[in-house]
Student: 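Once you've had a glance at the structure underneath, I'll fire off some questions.
As the structure lists them, so they are numbered: ligands from 1, and atoms in each ligand from 1.
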Amino acid sequence: MKTIICKDYDEMSKKAAEIITKQVKEKPDSVLGLATGSTPIGLYKCLIKEHKENGLDFSKVKTVNLDEYVGLGEKDDQSYIYFMRDNLFNHINIKKENTHVPESNKEDLKLDTEKYNKLLDDIGTRDIQVLGIGVNGHIAFNEPDDKLNLRTSIVDLTEETIEVNSRFFEKKEDVPTKAISMGLEDIFDAKCIILLANGKSKKEAIDKILNGKFVDTNFPASLLHLHPNVVLIVDEEAYNG
Ligand code: GLP
């Protein structure tokens, strides 16, 4: 795992944006795996700036997202589809039909996972997958457990994740308890994974990755040691605490 330590959140975001900008310039029809959460917002801002000021062209880019809450519609401002449109897609020249966020409308969850797995199979290996990390080491919504899913599945969120994510909702009871999430095999199907982390709250998780010297499904991010091309971009707070 290659590690890049940045002085702050802005520098972390810029570094990640540089890698993605280079990728899209070199291969205009790149397939990008994208993430939600507060961490990649700065990266998306930098990409929007690149598009607006330097004409970075997304017209042939395809994207797939990691996960989505079960039961929130696209109009719900806490849904990840809403987040992606609001923070990136609506501000660049990407074609709507080339953007993909898993759907889960509660009616037939199994079908939702099958559809997304087919989409991932059809779209093929991503050039870059952006990842954040939960304080408990979750990646996408793969929560710590004795077993982890390989493919897109419906998952139960842990109490800790519900608590942490409740900061975005009016009250804790509003946080969905289930999500649809890419599995580990899906996340790994990328030529390069960019793992982003910033702030003190991520220090413990980053320390486990960098100094833990183990892989453990009860700390899902540790499995990233098994991927041949992971770039960890952290700010000093996440690195030093
Ligand atoms: C969420 C998402 C993850 C994200 C993580 C960290 O639960 N499912 O994909 O990486 O939490 O979020 P944040 O970036 O807000 O710390």
Side-chain angles (χ1 to χ4, degrees), residues 6 8-10 12-13 16-17 32-46 63-72 76-84 86-88 100-104 113 116 126 128-145 148-149 152-169 172 174-184 186-188 190 193-209 219-224 230-235 237-239 241:
C6 299
D8 55 19
Y9 179 75
D10 280 355
M12 178 200 79
S13 304
L32 304 177
L34 300 178
T36 51
S38 49
T39 310
I41 291 177
L43 155 66
Y44 298 151
K45 282 201 175 118
C46 292
T63 65
V64 286
N65 262 73
L66 291 166
D67 48 13
E68 175 64 284
Y69 288 116
V70 167
L72 300 187
D76 192 309
D77 62 2
Q78 289 312 321
S79 70
Y80 286 170
I81 178 70
Y82 188 103
F83 173 101
M84 288 310 302
D86 199 36
N87 286 292
L88 183 66
H100 307 281
V101 177
E103 282 177 42
S104 62
T113 59
Y116 207 64
R126 272 144 273 151
I128 293 179
Q129 174 65 58
V130 177
L131 267 190
I133 181 171
V135 289
N136 63 358
H138 76 218
I139 46 177
F141 266 132
N142 294 281
E143 296 279 35
D145 208 340
L148 296 177
N149 296 312
T152 305
S153 309
I154 302 297
V155 295
D156 291 317
L157 303 186
T158 60
E159 211 22 68
E160 189 177 11
T161 297
I162 292 171
E163 181 70 48
V164 172
N165 287 6
S166 67
R167 70 191 192 278
F168 299 114
F169 292 80
K172 196 176 151 193
D174 294 342
V175 186
T177 55
K178 286 184 187 296
I180 179 169
S181 174
M182 275 192 204
L184 268 294
D186 301 319
I187 293 173
F188 269 51
I193 296 176
I194 300 178
L195 175 61
L196 298 174
N198 72 286
K200 284 195 175 74
S201 68
K202 301 290 168 72
K203 183 191 159 16
E204 210 181 307
I206 295 306
D207 184 53
K208 267 194 195 168
I209 294 178
F219 187 71
S222 65
L223 273 84
L224 293 170
V230 177
V231 183
L232 167 65
I233 311 181
V234 279
D235 74 350
E237 277 195 340
Y239 188 70

Student: Which protein N or O atoms sit under 3.5 Å from any N or O of ligand 1? Give each pair with its distance.
Tutor:
unit_1, atom_1, unit_2, atom_2, d
ligand 1, 7 (O), H138, NE2, 3.3
ligand 1, 7 (O), N165, ND2, 3.0
ligand 1, 8 (N), D67, OD2, 2.9
ligand 1, 8 (N), A140, O, 3.3
ligand 1, 10 (O), I133, N, 3.4
ligand 1, 11 (O), H138, NE2, 3.3
ligand 1, 14 (O), S38, N, 3.2
ligand 1, 14 (O), T39, N, 2.9
ligand 1, 14 (O), T39, OG1, 2.4
ligand 1, 15 (O), S38, N, 2.8
ligand 1, 15 (O), S38, OG, 2.7
ligand 1, 15 (O), R167, NH2, 2.9
ligand 1, 16 (O), K202, NZ, 2.6

Student: Using side-chain hydrogen bond (donor to acceptor under 3.5 Å, both in side chains) as the criterion, list what pairs up with Q129, not counting sequence neighbours.
Tutor: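 In terms of side-chain hydrogen bond (donor to acceptor under 3.5 Å, both in side chains), with neighbours along the sequence ignored, Q129 is linked to R126.
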Student: Which residues pass the ring-ring contact (aromatic ring centres under 6.0 Å, His included) test with Y116, sequence neighbours left out?
Tutor: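 For Y116 there are no ring-ring contact (aromatic ring centres under 6.0 Å, His included) partners, ignoring immediate neighbours.
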Student: Could you give the distance from CD1 (I194) to CG (L196), rounded to the nearest 0.5 Å?
Tutor: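 Interatomic distance, I194 CD1 to L196 CG, rounded to 0.5 Å: 6.5 Å.
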Student: Do the side chains of E163 and K172 get close enough for a salt bridge, i.e. N-O under 4.0 angstrom?
Tutor: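 Yes.
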Student: Partners of F168 by ring-ring contact (aromatic ring centres under 6.0 Å, His included), sequence neighbours excluded?
Tutor: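 So F168 forms no ring-ring contact (aromatic ring centres under 6.0 Å, His included) with any residue.
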Student: Pick out which of L157, I154, D156 makes a side-chain contact (heavy atoms from CB on, under 4.5 Å) with V70.
Tutor: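 The single option meeting the side-chain contact (heavy atoms from CB on, under 4.5 Å) with V70 is I154.
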